[in-house]
Amino acid sequence: MSQPFAKLPAWADYGLLPLINLIVAFFVAGLVVLLVGESPIDAAVLMVKGAFGSGDGVGYTLYYATNFIFTGLCVAVAFHCGLFNIGGEGQAYIGGLGVAVVGLGLGNVLPWWITFPLAIIASGLVGALWALIPAWLQAKRGSHVVITTIMFNFIAASIMVYLLVGYLKASGTQAPETRVFGDGGQLPGLGWLLGLIGLNMRSAPLNISFLLALVAAFLVWVLIWRTKLGYEIRTMGYSPKAARYAGISEVRIIVITMMISGALAGMMALNPIMGAQHRVQLDFVAGAGFVGIAVALMGRSHPAGIVLAAILFGMLYQGGAEIAFDMPNISRDMIVIIQGLVILFAGALEHMFRPTLLRILQRVARVKSQPTPAVAAEGGQ
């Protein structure tokens, strides 16, 4: 995706600038904590301890991060094509239907290691098909993908409410949710993995979909930077005119990119449905589609950066709950404010410090390129 300012060196663009945004966000958040009469340092210690100080803390942090990796990759793939897919929330929500079909239909028949691949295909396919309609409207009719994907978020939510209340609801209950899946529809946890590093995970819902998210991040890297299709996607994102001049079909690339993006969002449903709840409930996405936008921006649309940014937001979710519990003056709403500040500086204001940083780096480069007095004197002789 094209940048509004001159390009920074890779180490500054992917490392230093996000770090500056993060430091400023936490500084402002610290002022908010200070205003309510609590110590920002104590709050920061509690947040880190709550997120990484125990096996369950790490498990919950990585569980939340799994959702954000999928939705961050969803946004990033579209970014590379110059598209702003803001519909990850709805695509993940409707992707839950694919998981439900597999979990309800085969959970009592097949083992998890067979239903899991089938659920991956089903959730990805449903999410891709849900993204296909806005993609086609953008490519063929010129409808702006931001508007259509926002609309489809609400449509997806309405469809899921209708189905859960009217058709998928478990018999004998008033709760708008499906019945609990059989053992074949439940994913194994990753407590053994944390046990390798000496952490005991008791109740956290971390499951093997976290490993799937890491595989998806690697495959997205391969797609975007190591394939012909990825080159076409990036070309379309940098310059649609140049892409058309090179013979790249704009309609084909937009549709394919959005379907890949939607498939990644749809697979996010695997984590909460098969990995934690073992059934489909209302609002299981819980805003992860929108957090994915900030994750993609902070991670500079690179899979490695997205994984790190997702873990950061997982820390904010899990560590924030610890702060709200141990610091009475900091309510859950205050935690949302802190999360919002990080999203603000990492997302909406991500380029605020870019011009200043660029000028500083250019000035440093000019100073380094100037000859020292001794060298200048030798040149004069």
Side-chain angles (χ1 to χ4, degrees), residues 1-8 10 13-14 17-18 70-91 127-128 130-153 216-217 219-266 289-306 309 343 346-352 354-355:
M1 184 174 153
S2 59
Q3 301 289 349
F5 304 104
K7 188 172 178 60
L8 291 168
D13 200 4
Y14 292 98
L17 186 57
F70 279 118
T71 56
L73 292 172
C74 156
V75 175
V77 169
F79 272 174
H80 283 294
C81 192
L83 302 170
F84 196 177
N85 179 14
I86 206 170
E89 186 85 359
Q91 291 149 17
W130 194 248
L132 172 62
I133 306 173
W136 185 85
L137 291 173
Q138 163 89 19
K140 298 292 289 186
R141 298 298 182 184
S143 301
H144 202 290
V145 72
V146 171
I147 303 301
T148 53
T149 50
I150 289 176
M151 292 170 59
F152 270 68
N153 284 339
L219 293 178
V220 167
W221 175 80
V222 172
L223 168 69
I224 298 299
W225 282 280
R226 291 296 184 270
T227 66
K228 177 177 179 290
L229 175 60
Y231 175 79
E232 293 176 337
I233 290 173
R234 286 185 289 120
T235 303
M236 185 64 66
Y238 278 116
S239 175
K241 291 182 179 179
R244 288 191 292 268
Y245 182 78
I248 299 173
S249 171
E250 184 173 7
V251 173
R252 178 178 68 88
I253 292 300
I254 289 176
V255 169
I256 291 175
T257 302
M258 282 294 293
M259 290 187 71
I260 294 173
S261 177
L264 288 165
F290 297 114
V291 175
I293 298 172
V295 168
L297 290 170
M298 178 172 282
R300 291 296 181 271
S301 298
H302 191 286
I306 287 170
I343 293 175
L349 301 178
E350 67 151 343
H351 295 301
M352 184 171 64
R354 180 182 290 269

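Start at 1 with the first residue, then count along the sequence.
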Do you know which two heavy atoms are closest between [X] and [Y], and how far apart they sit?
X    : Y    : answer
T149 : G87  : CB-N, 3.5 Å
I306 : A296 : CG1-CA, 4.2 Å
I86  : V146 : CG2-O, 3.6 Å
E232 : R252 : OE1-NH2, 2.9 Å

Indicate yes or no for a side-chain donor-acceptor contact from Q91 to the backbone of A131 under 3.5 Å, with no hydrogens or angles considered.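 Side chain of Q91 to backbone of A131: no pair is present.
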
For the pair R234 (side chain) and W225 (backbone), establish whether a donor and an acceptor sit closer than 3.5 Å, ignoring hydrogens and angles.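 No, because the side chain of R234 does not come within donor-acceptor range (under 3.5 Å) of the backbone of W225.
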
Fit a plane to each ring of F84 and F79, take the angle between them on a 0 to 90° scale, and name the class: parallel (under 30°), tilted (30 to 60°) or perpendicular (over 60°).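 Aromatic pair F84/F79 classed tilted.
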
Nearest-0.5 Å distance that lies between atom [atom1] in [X] and atom [atom2] in [Y]:
X    : Y    : atom1 : atom2 : answer
N153 : F290 : CG    : CZ    : 4.5 Å
I150 : E89  : CD1   : CD    : 12.0 Å
R300 : D13  : CZ    : CG    : 5.5 Å
L219 : R226 : CG    : CZ    : 14.0 Å
H302 : W221 : NE2   : CH2   : 7.5 Å
R244 : T235 : CZ    : OG1   : 12.5 Å

Is there a side-chain contact (heavy atoms from CB on, under 4.5 Å) between T71 and V291 once you walk through the steps? CA-CA 8 Å; T71 56; V291 175; 5.7 Å; no

Going by atom type alone, with no hydrogens or angles, which donor-acceptor pairs under 3.5 Å involve a side-chain atom of residues 256-264 and a protein atom two or more places apart or on another chain?
residue	atom	partner	partner atom	Å
T257	OG1	I253	O	2.7
S261	OG	C74	O	2.5
S261	OG	N85	ND2	2.7

For I233 and M236, run side-chain contact (heavy atoms from CB on, under 4.5 Å): C-alpha distance rounded to whole Å, both residues' side-chain angles, the deciding distance at 0.1 Å, then the answer. CA-CA 5 Å; I233 290 173; M236 185 64 66; 5.9 Å; no

Could you please spell out the steps behind the side-chain contact (heavy atoms from CB on, under 4.5 Å) verdict for V75 and V295? CA-CA 9 Å; V75 175; V295 168; over 6 Å; no

Evaluation steps, side-chain contact (heavy atoms from CB on, under 4.5 Å), between I133 and T148: CA-CA 9 Å; I133 306 173; T148 53; over 6 Å; no

